[in-house]
Amino acid sequence: MNKKAKQDIFVCLVIYAFMLFCFVQTFSMKSGSMPRLILSLAFICNTALTVRTIGQLKKNPGGEGYTSISEIKVPMLMFLGVVLYCLIFNFTNYFVATAIMIPAFMLVEKVRPVWKVVLIDVVYLVFIYVLFVKVLQVPLLK
């Protein structure tokens, strides 16, 4: 087994371990059906990834055709951005976290000119504020 295949299978095992940890955390929730449903879907997706990895290994034992680190830089950056968004959201509120997240993601995706990024951010936040806070009276502000 080549190094890349070992790495892919190791990542799948780490994902299984993380999902098991999350599943155990659902027992302390009042209603754990939705998180368990999401974890079930993630389990199915990870199992499909594991099966595909093993299938690629059988077809191509030499290791060609695997994804390189340089190909997953942007998806990993986006994932870290979502984690950071969740942390910011936890310490502030929806509007502050989203006001930071939208321009950051758009700039990573090289949306230009910058004034369009700012305009989209402002229009989106004003729309959400009016619709949810004023009209529907959803408490999005802490």
Side-chain angles (χ1 to χ4, degrees), residues 1-60 63-142:
M1 185 181 307
N2 65 32
K3 182 180 176 184
K4 181 63 179 152
K6 286 180 185 178
Q7 183 180 18
D8 289 350
I9 292 173
F10 176 74
V11 168
C12 289
L13 292 174
V14 169
I15 292 171
Y16 278 126
F18 178 72
M19 286 190 297
L20 179 64
F21 170 76
C22 291
F23 185 74
V24 170
Q25 297 300 313
T26 63
F27 292 123
S28 64
M29 296 179 177
K30 292 180 183 174
S31 173
S33 61
M34 189 60 154
R36 289 183 188 156
L37 175 67
I38 293 169
L39 285 168
S40 299
L41 293 173
F43 180 83
I44 291 168
C45 291
N46 194 49
T47 302
L49 178 65
T50 306
V51 168
R52 190 188 91 183
T53 300
I54 293 170
Q56 279 182 340
L57 179 61
K58 288 180 181 178
K59 284 182 189 175
N60 191 8
E64 296 176 15
Y66 285 101
T67 306
S68 68
I69 297 295
S70 64
E71 293 174 326
I72 62 169
K73 279 184 185 173
V74 173
M76 288 304 294
L77 186 62
M78 290 295 185
F79 173 74
L80 292 174
V82 170
V83 170
L84 185 63
Y85 173 71
C86 292
L87 290 173
I88 294 171
F89 186 87
N90 194 32
F91 292 111
T92 61
N93 61 33
Y94 173 80
F95 293 102
V96 173
T98 304
I100 295 168
M101 187 256 329
I102 289 176
F105 280 177
M106 290 178 79
L107 292 173
V108 166
E109 288 296 326
K110 297 178 178 60
V111 175
R112 300 289 187 261
V114 176
W115 67 267
K116 284 185 180 179
V117 173
V118 173
L119 181 66
I120 289 170
D121 194 29
V122 169
V123 169
Y124 173 78
L125 289 170
V126 168
F127 175 77
I128 294 298
Y129 177 78
V130 169
L131 179 65
F132 285 95
V133 175
K134 293 297 183 184
V135 175
L136 297 174
Q137 297 178 348
V138 176
L140 292 178
L141 298 170
K142 279 188 182 178

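We number each residue from 1, following the sequence as shown.
- The side-chain contact (heavy atoms from CB on, under 4.5 Å) search around Leu80 returns none, not counting sequence neighbours.
- Atom CG of Leu20 and atom CD of Gln25 lie 10.0 Å apart (nearest 0.5 Å).
- Residue pairs meeting the side chain to side chain donor-acceptor pair (under 3.5 Å) criterion with at least one partner in residues 95-116, sequence neighbours excluded, are Tyr85-Thr98.
- Judged as a side-chain contact (heavy atoms from CB on, under 4.5 Å), and not counting sequence neighbours, the contacts of Val14 are Phe10.
- The distance from atom CG of Asn93 to atom CD1 of Ile88, rounded to the nearest 0.5 Å, is 11.5 Å.
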Test side chain to side chain contact (heavy atoms under 4.5 Å, CB included) on Val133 and Phe95; report intermediate values, then the result. CA-CA 11 Å; Val133 175; Phe95 293 102; 4.0 Å; yes
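- Note: Leu131 CG to Leu136 CG = 5.0 Å, rounded to the nearest 0.5 Å.
- Remark: Phe23 pairs with Phe27 by the ring pair (Phe, Tyr, Trp, His ring centres under 6.0 Å) rule, at least two apart or across chains.
- When all heavy atoms of Val117 and Pro103 are compared, the pair lying nearest together is CG1-CA, 3.6 Å.
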Could you list the donor-acceptor pairs under 3.5 angstrom formed by side chains in residues 38-48, with sequence neighbours left out?
{"unit_1": "Ser40", "atom_1": "OG", "unit_2": "Arg36", "atom_2": "O", "d": "2.8"}
{"unit_1": "Asn46", "atom_1": "ND2", "unit_2": "Cys12", "atom_2": "O", "d": "3.2"}
{"unit_1": "Thr47", "atom_1": "OG1", "unit_2": "Tyr16", "atom_2": "OH", "d": "2.8"}
{"unit_1": "Thr47", "atom_1": "OG1", "unit_2": "Phe43", "atom_2": "O", "d": "2.8"}

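- Side-chain contact between Val82 and Phe105 is present, with heavy atoms from C-beta onward closer than 4.5 Å.
- Considering CG of Leu37 and OG1 of Thr26, their distance stands at 12.0 Å, rounded to 0.5 Å.
- Distance check, rounded to the nearest 0.5 Å: CD1 of Ile102 to CG of Leu107 gives 11.5 Å.
- In terms of the side-chain contact (heavy atoms from CB on, under 4.5 Å) criterion, residue partners of Val126 (sequence neighbours excluded) are, by chain and number, Val122, Val130.
- Between the OG1 atom in Thr50 and the CD1 atom in Ile15 there is a gap of 7.5 Å [rounded to 0.5 Å].
- Between Tyr124 and Tyr94, the ring-plane angle classifies as tilted under the 30° and 60° cut-offs.
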